[in-house]
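The structure appears below as structure tokens.
FYI, side chains are in, hydrogens and waters are out, and symmetry mates aren't considered; it's all heavy atoms of this structure. FYI, the numbering just counts along the sequence from 1.
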Amino acid sequence: MNINEMYDVMKAEPFQPFAVYYPSGRRFVVSSRDQAVISGDKRTLVLARDPKSLEGSGIDMIDVAMAEQIEILSDPPKDRMWWVSKNGH
């Protein structure tokens, strides 16, 4: 995946929640535009985790080039869990 694809999804109007998938099976869900920022080097996506998520508050730093795909979510997670493991829990 390249940075331009990530920018396009993040800047879309109206914003739509999306998931970023990695070869390891991890999936990161971006529920709102203000939750994510692309670093100055344009290689890293920085995600703020919801304090109510399973992992608690904090940040995830994700290498954009390693992402396999982006999926636009028509029905975003209702529990606001932004990081989801391989098996969905």
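- Grouping the Ile, Leu, Val, Met, Phe, Trp and Tyr side chains by contacts below 4.5 angstrom, directly or via other members, places Met61 apart from Val64.
- Across every non-hydrogen atom of Pro17 and Ser31, the tightest pair is CG-O, 3.9 Å.
- Between Ala48 and Ile59 the shortest heavy-atom distance is CA-CG2, 4.3 Å.
- By the side chain to side chain donor-acceptor pair (under 3.5 Å) test, Asp34 is found to be paired with Ser32, residues two or more places apart in sequence or in another chain being considered.
- Phe18 is not listed as a side-chain neighbour of Glu71, based on a closest heavy-atom distance of 4.5 Å or more.
- Between the CD1 atom in Ile62 and the OG atom in Ser39 there is a gap of 11.5 Å [rounded to 0.5 Å].
- Annotation: side chain of Val46 is not in contact with side chain of Asp60 (no heavy-atom distance under 4.5 Å).
- In this model, no donor atom of one side chain and acceptor atom of the other lie less than 3.5 Å apart for Tyr22 and Glu68.
- Residues Tyr7 and Lys42 form a side-chain contact, since some pair of their non-hydrogen atoms from C-beta on lies under 4.5 Å apart.
- At least one side-chain heavy atom of Glu13 sits less than 4.5 Å from a side-chain heavy atom of Arg33.
- Nearest heavy atom pair, residue Met10 against residue Ala36, reads CE-O, 3.6 Å.
- At a threshold of 4.5 Å between non-hydrogen side-chain atoms, the residues Ile72 and Val9 count as touching.
- Residues Phe28 and Phe15 fall within the same hydrophobic cluster, defined by Ile, Leu, Val, Met, Phe, Trp and Tyr side chains chained together at heavy-atom separations under 4.5 Å.
- One hydrophobic cluster, built from ILVMFWY side chains closer than 4.5 Å, holds both Val20 and Met66.
- Remark: of the listed residues Leu47, Ile70, Leu73, Leu47 is the sole one forming a side chain to side chain contact (heavy atoms under 4.5 Å, CB included) with Val30.
- Counting heavy atoms from C-beta on, the side chains of Ile38 and Met6 come closer than 4.5 Å.
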